[in-house]
Structures are given as C-alpha cells and as structure tokens.
Amino acid sequence: MLEEYMLGIGFSEKQIKQIQKIYPARTYAPSTLLYNIKNLYHFFRRNGVHNSEFVEMVVTIPNILFVSIENIKSKVLEFKDLGFSRLDAFSIIKKYPYLIDFSYLTVKRRMDEFEDLGFHSEQVVQILSKNPNLFREDFHSFRKRFAFFIEYGYSIDEVIHILVDVPELFDSSIDLIEKKIADFTNMGFQKNDIIRITAILPSIFFHDVTLLHEQFQYLLEFGYDELDLIHVVQRIPILLRENYLEKLSEHVECFIELGFSKKDIIMMTCNNPYLFLYSIENLTNKFMDLHNLGYREKDVISILLDAPILFGYDIRNIKEKFQFFQELQLEQYFVAHGMYLTYNFDIIQARYQFLLKMNSIQDHYHDLFLTDEDFYKKYHINKIDLLGGIV
Amino acid sequence: MDVLIQFGFSIEEIQNMLNTNVMIESVDDHDIYEVIDLLKRVGCRKEHIQNIFICNPFCITNSNSEMSELVEKLYEIGFRSLYTLFDSNPYLLNITARDMDLFYHSMLQEGMTKEYFFDYLNYHFIY
C-alpha cells in the first residue's frame, strides 16, 4: 500500500527504499508512514507544492514525514510575521526544507544581516524567497561579494539592485564574476559601461559569452565597427539577452531583404538600436503598411531612414497624419522628411487651425513642422496656448 | 494581460508586444493599469497610449515609480504637455530621472539653452 501510494506520487522505487531505511522511518509501521505521508502530501498540495517538488523535499529531508502539520503551519506563521507571504513561505520550504528546523531567531538574524548591508526588508524577503539557500551560507562570504562590487566601482544602490535581481550571485565565486568582467573588458567595454550594463542586466553574469562573440563577429564582418557595437549595447543593454542576441544577424538580413543598403542599416540601427528588439515579422509588416499607403518601396526606405522609430509606431498613428496630409495633397512631403510623421498630431492640427485663422496656411505648410521655439519666434504663440492650455 | 485586450489592443498587437518584450507575460494587470494611469495623468488619450505601448512595450514592465520620477523630473525641468513628448518618442519612458537630469545638465554645460533643450527632446530622438 505504502509503496504503491508513493510510486503514485512520483517517488522512484530506489527513493522509497532509501526513505524506509532511514531512522526513524524504519521504526514505524508502514501503515503509520502511509498515514503521515498522505497527510503531508495533501497539506503541501493544497498549498501549491507540486508532486515533483514534494518528492524532492522528502528525499532531501526524509524526517519531514515526522514533523507535524501544526509545526509546519506555525513555521509559515513565523515567516509571515517576518514579512513573507504565505506563498513565499511555502516556496522557501519546498526549495530549502531544512528551514523547518531553523528557529525564528536564526531566520531573523540572517534577515538582519542583509539589512545591515543596506537592503530594505522587502528586498531581503525577495532575495531569500528567490534563493532560500542563502539561509545556509556563511554571511562572511556574502559580505566579501558585496565588498567586491563596491571596490570595483558600483554604487551601493547598484549592488543591491543587482543582488536583488540575481541573488544567485551571492553564492557564485568571485572568480566567475571577475572572469565575466574580463570578458567584457577584452571586448572593448570600459569600466563604466560594464557597471551600467551589468546593473541593468545582472543576469549577464551567468550568460555564456560564446553567442555574444559569434553575433558581434557577424556584425563586425558586416561592417559595424567595435565602437558602434559598444555604443549600441551601452544604450540598450537588454540587447544582450539571449532571445535578442541570437537574432541580430536575422535582423540585418531582414533589412537587406527590405532593400536597405549596408551603410543605411548600420546608420539606422546605431541611431535606433531598438530596431533589433522588434520581431522580423513586425518590421516587415510596418514596411509593407507604409508601402500600402501608396509610397514606393524606395520612398518607404527614405522615410524610415529619416525616422527609424516609425518601424515601431502604431500604424493608426501614422495613417491619421498621412490621411490629413493626403487631403492637402502633401503626403509626398514625408518622403524627404520622414521625421515629420513622428510629430504629435494634436500639435500639427492646432498649428494648422491657427494658421488657417491667420489666413497664412496656403504658403506656410512647412511651418506646421517648425520646432516649438521657431514657431513661437515666428507667430508669438507657444505650444501650451496652441493646445488650448493642456499642460 | 486582460487589461490590454480591454484597452483595445488586438491579439496580433499584443503578440507583437510580447515578441519584443517577453517580460510582459509575467506582469500583473494591476501594474499595467498603473502605467496607463500615469500616462493618462500626463494627458495621454487612448490613441497615444496605444502608440506608446506598441512602439515601446518595455514601458509596460518598467518600474512605475521610476517612470513617475521621470515625469516629475521633466516637469521640474520645465516640460509641459508631456503627452505630446511621449507620443512622439515613446522610448523616452525607458530613461531614468537620474539619466535625464544628467543629460539635461550636460547639454546646458555644452551651451544649449533651456528652450533649445525642449525642442531637442521634442523633435530629435534620444534613445
């Protein structure tokens, strides 16, 4: 009965035998063990612990089968008292079941140690929930890692942000962190860049740099220079996430397919690295949306080169302005000035109405696209007044 | 993500946003409402918010308090009608108040006038 039940939950035969051999399990009748395991299993299942997690927990610490549910409940209450949610508490227990044996004071002391380093209590809860193994480690080694980052040049806030985001760094070796920093230095990044990039994307410490090298090599061979690439990453460090990184070359190929020259692609993506984050399908569709408005392909290229951000725009936003100018037979204006399509439509309309009232619209369409200061200098009305006082 | 559907985004648009920013998958509807509220407070209407989210899906997962600080910083510098600014350049919402402040002061130090800085941000893109 007992074996059958445990097999049903997901224990292997080997695991069952091991558990039965361990003291005090071997001193209990199988029926008592079955009773305990059933109760405990149902209790944890009701609290969001999956079968495989339950198996892992019991295999890690078989004595848990002899801990009363009341004790576990009171441990959860202790965690709640320390600021953890019920969900956090169960997540911690399932990841690190030894905590059931920890006293309230031991847990509290570890939390205080983190707060002494400068972490807020909510951050401590977040870190320990993500990585409960940190309850086990020697705090001296955490201090060493913390000091390592500060000595390198990170601010306290940056270190806290990094460690809250990736608490695994607390128990990784300093050698690994140093090696990653050396990788970036060898690629041409300055200390400040490395701090900024890793502070925004701390998980980069655990990324394999092979993909980064491969993609950068592709771009260098395509014609980008090292400084271009550093500049792009400085501006958008999340580009180094694998899901974006692995598609850099596909993006370049997509732009070639759309008809952009090599020089244009480099200029456009350096001016707007966000283009690497949009999906290929999205980029192609936006290109076709503009083409479908009636522009020739080479005109679309001209518009997008002037304002690459339009690749990301909502097509309804573009259409609204396009139709307005189409009625004025001025839609070709955008071929040479794609940037004008990014102007807020409220401003364009307000200026149009203003110039219409002044009877000066006919020969002054270009003034619809003046900067605010130049419009003010020419017509003595500022943007707020034009927009009807909307601040 | 129900809030995005209720707000009028099509499934295709939501899919595009997710393709660009996978983190949207794990964001709470409540947090998305907060971003929408913030944008409404600076004057954005539905069509502006749609453009901002489609163009810059990262603002959906950005920290709301950081974006609020940016808004405060822009008001402090002297910007008004922020909705026109964010509608034209949705990427601005990814800049922290601290970086904006540093950028503003570095431009002033280079000799740029405050008025020119307003135009610079309104009509030239910084990413």
Item to check | Distance (rounded to the nearest 0.5 Å) between S88(B) OG and I347(A) CD1 | outcome: 6.0 Å
Item to check | Heavy atoms of other groups near K130(A) NZ, more than 12 under 6.0 Å | outcome: yes
Checklist entry - With no hydrogens and no angle check, is any side-chain donor or acceptor of Y343(A) less than 3.5 Å from a backbone partner on Y123(B)? => result no
Next on the checklist: Check this for me: K73(B), atom NZ, are more than 12 non-hydrogen atoms of other residues, nucleotides or ligands nearer than 6.0 Å?
Outcome noted: yes
Checklist entry - Would D314(A) and C55(B) satisfy side chain to side chain contact (heavy atoms under 4.5 Å, CB included), going step by step from the backbone distance to the final call? => result CA-CA 7 Å; D314(A) 180 358; C55(B) 186; over 6 Å; no
Checklist entry - When only pairs under 4.5 Å are counted, which of N19(B), T84(B), N94(B) shares the most heavy-atom pairs with chain A? => result T84(B)
Item to check | Over 12 foreign heavy atoms within 6.0 Å of CD1, I381(A) | outcome: yes
Next on the checklist: With a 4.5 angstrom heavy-atom cut-off, is it the side chain or the backbone of I238(A) that approaches chain B, or both, or neither?
Outcome noted: side chain
Checklist entry - Is a side-chain donor or acceptor of N51(B) paired with a backbone partner of Y313(A) at a separation under 3.5 angstrom? => result no
Next on the checklist: Looking at chain A, which one of E47(B), E115(B), Q50(B) has the largest number of heavy-atom pairs inside 4.5 Å, strictly under?
Outcome noted: Q50(B)
Checklist outcome for this item: Under a 4.5 Å heavy-atom criterion, the part of residues 275-286 of chain A in contact with chain B comprises L277(A), Y278(A), S279(A), N282(A), N285(A)
Checklist entry - Should the ring pair Y91(B) and Y274(A) be called parallel, tilted or perpendicular, given that the plane angle runs from 0 to 90° and is split at 30 and 60? => result parallel
Checklist entry - Y83(B) and N344(A): side-chain donor and acceptor closer than 3.5 Å? => result no
Checklist outcome for this item: Applying a strict 4.5 Å limit to non-hydrogen atoms, the region of D372(A) in contact with chain B is both
Checklist entry - Which atom names give the shortest non-hydrogen contact between S81(B) and L387(A), and what distance separates them? => result OG-CD1, 3.6 Å
Next on the checklist: Are there over 12 heavy-atom neighbours, none belonging to Q326(A), within less than 6.0 Å of that residue's CD?
Outcome noted: yes
Checklist entry - Got a sec: does the CZ of F354(A) have more than 12 other heavy atoms crowding it under 6.0 Å? => result yes
Checklist entry - Would N122(B) and T371(A) count as a side chain to side chain contact (heavy atoms under 4.5 Å, CB included) if you check the C-alpha gap in whole Å, the side-chain angles of each, and the deciding distance to 0.1 Å? => result CA-CA 8 Å; N122(B) 271 306; T371(A) 64; over 6 Å; no
Checklist entry - Under 4.0 Å between a Lys/Arg side-chain N and an Asp/Glu carboxylate O for D157(A) and R98(B)? => result no
Item to check | Interface moiety of F118(B) toward chain A, non-hydrogen atoms closer than 4.5 Å | outcome: neither
Checklist entry - Which atom names give the shortest non-hydrogen contact between D119(B) and D374(A), and what distance separates them? => result OD2-N, 4.4 Å
Checklist entry - Would you say the side chain of D346(A) lies within less than 4.5 Å of the side chain of R45(B), judging by non-hydrogen atoms? => result yes
Checklist entry - Checking F369(A) against chain B: side chain, backbone, both or neither under 4.5 Å from a heavy atom? => result neither
Checklist entry - Is any NZ, NE, NH1 or NH2 atom of the basic residue among E13(B) and R316(A) found under 4.0 Å from an Asp or Glu carboxylate oxygen of the other? => result yes
Next on the checklist: Does any part of the side chain of R80(B), heavy atoms only, come nearer than 4.5 Å to the side chain of N382(A), both counted from C-beta?
Outcome noted: no
Item to check | Proximal component of D87(B), with respect to chain A [non-hydrogen, under 4.5 Å] | outcome: both
Item to check | Within 6.0 angstrom of E257(A) CD, more than 12 heavy atoms from elsewhere | outcome: no
Checklist entry - Is the number of heavy atoms from other residues, nucleotides or ligands under 6.0 Å of L102(B) CG greater than 12? => result yes
